[in-house]
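Ligands are counted one by one from 1 in listed order, and the atoms in each one are counted from 1 as well.
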Amino acid sequence: MADPLRLVLLGPPGAGKGTQARRLVERFGLDPISTGDIFRRNIQEGTDLGRMAKSFIDAGELVPDEVTVGMVVEAVDAAPGGFILDGFPRNVPQAEALERELAARGRPLSAALAFLLDEEVAMKRVAGRRTCQRCQTPYNVFFDPPRVEGVCDRCGGPIVQRTDEGEETVRRRLEVYRESTAPLLKFYSDQGLLREVDADGTEDEVAGRVAAALADLG
Ligand code: AMP
């Protein structure tokens, strides 16, 4: 049997990583691991982790690596087959820690998929973004609204704007992406793992590019 896919997704906020992750999860039967979703779930449930993470998230800053790396290792160990990491790693130390932990388990990454998007386009996309509070399905009030305003098409849950998607926080998140996360493109390129996808297009167009970029792996 072919080795299951182990992917990381990179890209600025608004690049559509979450949306494309869902499609890949369905297509390849992978376990989705989204650090942002895990943090948001913890915030909603009022856990210690959630309380700690919230101040960082609302400021557009990264949650400290000690916390985030441990959380991801646990999630990876709970995913025995293929997985897709959406939102992790976000800086070089996280990428190095991931590499070490995966090597120790004999489960190295298959590829790092980077979504490329102009910052101003990213900004506009995020400003319109809303998310289902229950199942995390993303919408955009301009480009991809739910059928009924404020109600999730998939699960009927309430659709809300994330507290970290005000303009100032998004500017900071884009800066953090540029400073801390973008260097990972070189990190993975040096390892021969990087695959780049133009993220400016419709969901279906980008999905087609993703499929082409991963064609030799499936
Ligand atoms: P996301 O939903 O992936 O955009 O993540 C939302 C927020 O969660 C980020 O802006 C960070 O504050 C935090 N976060 C998510 N993933 C990480 C990570 N790998 N390292 C540190 N903070 C993270």
Looking at [atom], what's its closest protein heavy atom, distance included?
atom                    : value
atom 23 (C) of ligand 1 : F39 CE1, 3.7 Å
atom 10 (O) of ligand 1 : R173 NE, 3.7 Å
atom 19 (N) of ligand 1 : G87 O, 2.9 Å
atom 20 (N) of ligand 1 : Q94 NE2, 2.9 Å
atom 9 (C) of ligand 1  : R90 NH2, 3.8 Å

Check each of E61, K17, R162 against atom 11 (C) of ligand 1 and report the one with the nearest heavy atom.
E61
Closest heavy-atom approach to atom 16 (N) of ligand 1 among T35, I57, D86, V72 is made by T35
Check this for me: does any side-chain nitrogen of one of D204 and R23 sit under 4.0 Å from a carboxylate oxygen of the other?
yes
Is there a side-chain contact (heavy atoms from CB on, under 4.5 Å) between I33 and F88 once you walk through the steps?
CA-CA 9 Å; I33 303 172; F88 183 96; over 6 Å; no
Nearest-0.5 Å distance that lies between atom CG in L193 and atom CZ in F187:
9.0 Å
Ligand-side contact atoms (ligand 1) for residue partner [X], heavy atom cut-off under 4.0 Å:
X    : answer
D164 : 6 (C)
T68  : 18 (C), 19 (N), 20 (N), 21 (C)
R40  : 2 (O), 6 (C)
L62  : 21 (C), 22 (N)

If you measure every N or O of V63 against every N or O of ligand 1, does any of those distances drop under 3.5 Å?
yes
Quick check: D37 and ligand 1, any N/O pair under 3.5 Å apart?
no
Which heavy atom of K17 sits nearest to which heavy atom of G11, and what is that distance?
NZ-O, 2.9 Å
Work out which heavy atom in G18 is nearest to a heavy atom in D86; give both atom names and the distance.
CA-OD2, 3.4 Å
Let me know which of V76, L30, V72, V8 forms a side-chain contact (heavy atoms from CB on, under 4.5 Å) with F83.
V76
What verdict does the side-chain contact (heavy atoms from CB on, under 4.5 Å) test give for F28 and I84, after you've listed the backbone C-alpha separation in whole Å, the side-chain angles of each residue and the deciding distance to 0.1 Å?
CA-CA 10 Å; F28 293 107; I84 183 159; over 6 Å; no
Before giving the answer on side-chain contact (heavy atoms from CB on, under 4.5 Å), spell out for F142 and K124 the whole-Å C-alpha distance, their side-chain angles and the decisive distance to 0.1 Å.
CA-CA 10 Å; F142 307 120; K124 281 190 201 120; over 6 Å; no
With side-chain contact (heavy atoms from CB on, under 4.5 Å) as the test, would you mind laying out the steps for L214 and L24 before giving the verdict?
CA-CA 10 Å; L214 300 178; L24 288 168; 3.8 Å; yes
